Amino acid sequence: MQQEPPRISLVSPEAPIATPTHGGRAKCLQRLVRLELPVPRTVALSFACVRDVAHGRPPDTAQILAAFPEDALLCVRPSSEDPDWGGPGAILNIGMNAARRAALAETLGQEAATRLYLRFVQAYALHVARLDPDVFEAFEDDGPEALQQALDAYEDEAEEPFPQDRAVQLAAVLRSMARAWDGTSARLLRQARGAPADAGLGLVVQEMAFGLGQGECGSGVLQLVSSETGVPRITGRYLRQSQGREALDHADAALFLERDMRGPSLEERAPEAFAELVGYARLMREKLREEMQVEFTLEDGRLYILDGVRVSRTPRAALRIAVALAEDGIIPREEALMRIEPGALSELLHRQVAPGTRRNRLARGVAASPGAASGRVVFSAEAAQAAAARGEAAVLVRRETSPSDIRGMHAAVAVLTERGGMTSHAAVIGRGLGLPCVVGASELRFHTRKKTLVAPDGRTLREGDIITVDGTTGDVLAGAPAMVEAALDDAFQTFLAWADELRDIGVRANADTPADAQTARNFEAQGIGLCRTEHMFFEADRLTPMREMIFADTPEDRRAALERLLPMQRSDFIELFRIMQGQPVCIRLFDPPLHEFLPTDRAGMRELADALDLPLSDVTRRVEALGEYNPMLGMRGVRLGIAVPEIYDMQARAIFEATVEASREGAPVVPEIMIPLVSARREVELVKTRIDAVAAAVMTEKNARLDYRLGVMVETPRACLRADEIAQHAAFLSFGTNDLTQMTYGLSRDDAGRFMSAYVTQGVFAEDPFHVLDTDGVGELLQIAAERGRAGRPDIVLSICGEHGGNAESIAFCRQAGFDYVSCSPFRVPVARLAAAQLAIADKMT
Ligand code: PEP
Ligand code: MG
């Protein structure tokens, strides 16, 4: 059994102090002591000791006090295992009493001695005796009268004189801090920050270095980098005649640290102490292998280092700091990569409202998906799609979104909802798409039917008005403020280049449009893993020929309509190939049911009747005839490819003609063509035969050679089970885990939202399986399919292209199963690159 460390230890180089038993602050102070920094004497109390104190068993104060000179003033600070879990505030100047005041008046001066005593009485009254803050925070000055008033008030309120005995004071301080940690609200707060229920608290008792008195006295904090950007720059403040972190609260009176045009600096006032301080900060960075904020005090010109805490940082700064530490040889690259949580990268990937820009705020909601975008207000997914088709930026405004809004979300530049929190549909999908999203903006009144949005100050917004959704801050702004582009700076590029060197699974992007493809390239995706071609047919100039095709009576008529679509499809593909510059592009043949392209209301039908020169009744009848009871399990995907083969013929021709053309201009293109919703080998054979014929025809017509790879999208359970025979006709299998999850559970993708939260809350599902891959059930099918697919074709390429592809758990699963790559939305690509590298590093470490 491990021996329990001593409960009270003097912080010396050899003392048995560890973060899990004494907390991070105690351990850090020991490191500073080992570096021989001028740290005042410190005693650390272990978690066990503090727990006892909280439960009414006082510590051996005599033992603690024996470590310090008899007349030393002390401070007590918390030392939790993780600084982010918080803890009670520090109490300074313990030991102050009437006698110490008189003695210190001789050395520090009357004024400083009085101030020290007053501050202690105030802190003790508020945080230890828990007396009325109104009484003790109200003193106008800090002279002798104020002190007397404070002592009198203490006696009145506490019904006893202010304690004069240092041991009594210390015991009371320790008890109040231990109890504060043990209280319910503190416990809940830290649990919300990820602390375990039984997280311990250590305390450190340290001899005070006075920041008040004769000569150069004061205190401050210093760090070597900016917390916002991570760029090397000495930042912090120093306040003369102050203690603790007061310098940060009195920025006006405080001095700069380094020489500065804006005002006086510590460097000018006390150049030697400044140089010494910067030297210590550098030493701490190097030896503690971290950017540290140094808390220091000058006492009559003499420098003391009281503490070091990890510099607080934005994700942007965190990344730059990690890169710099690795570049300076302080930490290995692997460690730099492990220090950044992949999800944190997504904040760097988006445009943001330019700092300093005036914000015309309408309301505030939950900042659910980072980045900012401006566009015209639309109130339905259809309107968002229509706006996108016109090339207009649209902000989709909904009470809440559901799966049926997904296409509209794809088309919008941002999403705003009235309801929901961080895990609502809009939030999760928004984050996946890299779409700025504010949810739960209930300050705004949403009248979706009247198509207005009313701000708390009465301003009314109508469809078409321009607003900005800032998903980083949660603001909804009127108009379109200036933006800054994503921070894909040199540190970001270097960092991800290191990740690429270490990861052992490919990362591609799902990209349907040239804009998506460009984003994918910017984020260095290794190709497109899924191009959903149907999105291309929703554009305004294509919808009519598409509908004509759907309504055609004969294959000839159908072909004629498709002829009109062919050049448009061809130019789509040429553009994609051009952007991807020789990287693989996997094009999925048409997938959705045809009726998705038809109007649903009477006005739309009338318009269609006009466009097609058909009687309205004819249109209505045909639209009805195309309706299905269960369209997601109906005439879609390869079934359509077999029943209406002209569509796939046209798409194959467009792909091959684009291949020939793009290969003429640049690197040879080898397109990948993927068949959706396959469940039987014969489906693949039939489609393959026709596509081969189209390839041969194009080669003859163009007098060119071309190569292509045909693959199957595995998204039905049967395709998983029959993967061996399907693989015989496929160069690759890509798992469409959206449909596969739907079919494995028998759970509609579009309707699951209604009961998903009840299912997750009651623990039926640990997570929504459409968001987090169900590695047990769906995962087992993936394993079976991978195994059988490899048996059918040993060199088969395996990948995942469902929405799950970008999250770390799915990547871990795919890597374990030996997949070649994952494909995810473009904005998830950097996240996936880092997550994959971290998995490889973690494997190497075990
Ligand atoms: C899937 O089903 O996982 C998939 C990627 O295709 P879609 O979402 O277009 O059905
Ligand atoms: Mg699918």
Side-chain angles (χ1 to χ4, degrees), residues 381 385 402-411 425 428-429 432-433 508-513 516 520 525 527-538 585-594 596-597 630-641 651 672-679 683 711-720 732-753 768-774 777-779 781-782 785 798-807 810-811 813-814 819 821-826 828 832:
Q385 284 175 258
S402 69
S404 59
D405 290 310
I406 287 195
R407 296 220 161 83
M409 292 178 75
H410 268 281
H425 178 268
V428 173
I429 301 294
L433 295 177
R508 293 198 195 179
N510 294 352
D512 308 337
T513 62
D516 288 349
I528 293 178
L530 172 64
C531 170
R532 295 173 161 108
T533 50
E534 59 271 16
H535 292 182
M536 298 164 166
F537 297 106
F538 279 109
V585 175
C586 179
I587 299 164
R588 179 179 74 182
L589 298 173
F590 194 88
D591 183 43
L594 290 179
E596 283 193 14
F597 294 85
N630 212 338
M632 290 309 274
L633 299 178
M635 178 89 142
R636 57 169 284 219
V638 68
R639 298 161 196 173
L640 205 53
Q651 288 198 296
E672 296 176 3
I673 300 181
M674 181 153 75
I675 315 174
L677 216 78
V678 165
S679 58
E683 290 169 327
V712 166
M713 189 156 180
V714 177
E715 47 186 348
T716 67
R718 192 175 193 282
C720 293
F732 61 90
L733 300 180
S734 186
F735 294 97
T737 44
N738 303 334
D739 271 307
L740 189 58
T741 301
Q742 165 164 269
M743 296 196 208
T744 305
Y745 280 84
L747 184 63
S748 160
R749 281 163 77 168
D750 299 323
D751 302 307
D768 178 346
F770 290 109
H771 299 150
V772 177
L773 184 70
D774 159 44
V778 178
L781 277 172
L782 295 184
L798 298 173
S799 64
I800 181 172
C801 63
E803 293 303 317
H804 306 93
N807 84 33
S810 319
I811 298 173
F813 178 90
C814 296
F819 286 17
Y821 67 87
V822 297
S823 189
C824 53
S825 59
R828 295 293 294 181

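Keep in mind the model is a prediction, meaning the values are calculated, not measured. Count residues from 1 along the sequence. Whatever order the structure lists them in is the order used to number ligands and atoms, beginning at 1.
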How far apart are the closest heavy atoms of Cys801 and Gly736, and which atoms are they?
SG-CA, 4.3 Å
If you measure from the Lys or Arg side-chain nitrogens to the Asp or Glu carboxylate oxygens, is any gap between [X] and [Y] under 4.0 Å?
{"X": "Glu672", "Y": "Arg508", "answer": "yes"}
{"X": "Arg636", "Y": "Glu596", "answer": "no"}
{"X": "Asp516", "Y": "Arg532", "answer": "no"}

Check all N, O or S atoms of Asp739 and name the one closest to the Mg ion (ligand 2).
OD2
How far is atom 6 (O) of ligand 1 from its nearest protein heavy atom, and which residue and atom name does that atom have?
Arg588 NH1, 2.9 Å
Please write down residue, atom name and distance for the protein heavy atom closest to atom 9 (O) of ligand 1.
Arg532 NE, 2.7 Å
What I'd like to find out is whether the side chain of [X] reaches to under 4.5 Å of the side chain of [Y], using heavy atoms alone.
{"X": "Arg749", "Y": "Asp739", "value": "yes"}
{"X": "Ile673", "Y": "Leu589", "value": "yes"}
{"X": "Phe732", "Y": "Cys586", "value": "yes"}

Which atoms of ligand 1 sit under 4.0 Å from any heavy atom of [X]?
{"X": "Leu530", "answer": "5 (C)"}
{"X": "Met713", "answer": "1 (C), 4 (C), 5 (C), 6 (O)"}
{"X": "Gly802", "answer": "3 (O), 5 (C)"}

Is Glu715 close enough that one of its N/O/S atoms sits under 2.8 Å from the Mg ion (ligand 2)?
yes
Can you check whether Glu534 has an N/O within less than 3.5 Å of an N/O in ligand 1?
no
Would you check the N or O atoms of Gly736, main chain and side chain alike, for any that come under 3.5 Å of an N or O of ligand 1?
yes
Contact with ligand 1 for Arg749, non-hydrogen, under 4.0 angstrom:
yes
Under 4.0 angstrom from ligand 1, any heavy atom of Gln742?
no
Under 4.0 Å, heavy atoms only, figure out whether ligand 1 is touched by the backbone of Thr737, its side chain, both or neither.
backbone
